[in-house]
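The next block holds one structure in the form of C-alpha cells; read it before the comments.
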Amino acid sequence: MSTPRPAASARTRKPGARVGAEAEGLLPPDEVEEAFRRLKAHMPGRAPGAKGPKDHRDPFRSVVSCILSAQSLDRNTAKAADALFALAKTPQALLALPEDEIARAIKPCGLYNTKARNLKRMAQALLDEHGGVVPQTREGLMSLPGVGRKCADIVMSFTFDADVIAVDTHVHRVSNRIGLTRSASADGTADGLAARAPVWAQTDGHFWLIQFGKAVCLGRRPRCESCFLTDLCLWFSANRA
Ligand code: SF4
C-alpha cells in the first residue's frame with residue numbers, strides 16, 4: 001500500500017486550516033466528519049445480507065470462521081468452514097476432534113496446522129474460562145487463542161452488532177490515503193478510526209469504507225477522476241493535484 005505523507009506545500013485548498021493536522025498526515029476533525037458524510041451519501045451501509053464471517057449469527061461459528069480466514073481467500077475459508085462444521089458445531093465437539101483431523105478438514109484455508117492448534121486451544125479456553133459462551137467484548141474475544149484485533153472487531157460488528165469499524169485491508173488503505181487516520185498497522189488504523197470517526201459513523205463506517213475501497217479507491221489504481229473526496233484527500237493532494 002502506498003500511503004506517503006503529504007507535503008503541506010503541495011496543498012492548494014484551505015492551506016492555513018490544515019497546517020497542524022497535515023503535519024501529522026491527518027485531516028482535521030471537521031474534514032474527517034465531512035468525509036464520512038460523503039461516504040454515507042454515496043456508499044451502501046450495513047445491510048441484512050452484509051457479507052461477514054460464515055454463519056456469523058452463531059457466535060461460535062463466527063469466531064471459528066474468523067480464525068480460518070487469516071491470510072485466506074473467502075472461497076477457501078468457506079470450504080474449510082463447511083468441512084469443519086460438518087465435523088463439529090460446538091466447542092465440546094471441536095475439542096473432541098484430534099488435531100490432525102481438524103487440520104485435514106481445514107486444509108483449503110492454508111496455515112492449517114497452526115489454525116488447527118489455535119482452534120483446539122480456543123475451544124478449550126471457551127469452555128474453561130467462558131462457560132462455553134463466546135464473550136462479547138473485544139478484551140474477552142482477544143483473550144481467545146487465534147483471535148486478534150481484526151477478528152475480534154469483525155465478530156463484535158457482524159455477530160453482536162457493536163458499533164465498531166472493523167479494519168480489513170481495504171479499510172486500512174483507504175483510511176490512510178484520505179487522512180482519516182495515520183498508521184502503518186491495521187490495528188493502529190482501528191484505534192485511529194475509533195478515536196477520530198464521528199460516533200454516528202461507527203455503526204456503518206466499516207461498510208462505507210470497504211465498498212469505497214472496492215469501487216473507487218482501488219489498491220493499485222485509485223479512481224481519483226471519479227472520486228467525491230478529491231478536495232479532502234491528502235493522498236490526492238500530494239500525488240495528483
Ligand atoms: S482522491 Fe483518489 S486516493 Fe483519494 S480517496 Fe479518492 S480515489 Fe482514493
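Atoms within each ligand, like the ligands themselves, are counted from 1 in listed order.
Residues Leu97 and Val64 are members of one and the same hydrophobic cluster, defined by side-chain heavy-atom contacts under 4.5 angstrom among Ile, Leu, Val, Met, Phe, Trp and Tyr.
With Ser62 contributing its side chain and Pro59 its backbone, the two residues share no donor-acceptor pair below 3.5 Å.
With hydrogens and angles left out, the side-chain atoms of Thr77 and Ser72 include a donor and acceptor closer than 3.5 Å.
Note on atom 8 (Fe) of ligand 1: protein N, O or S atoms under 2.8 Å away count 1, no waters included.
Salt-bridge check for Asp231 with Arg38: passed, with a basic side-chain N closer than 4.0 Å to an acidic carboxylate O.
Between Trp200 and Trp208, the ring planes are tilted. Angles from 30° to 60° get that label.
Gly192 approaches Thr181 most closely through the heavy-atom pair CA-OG1, 3.3 Å.
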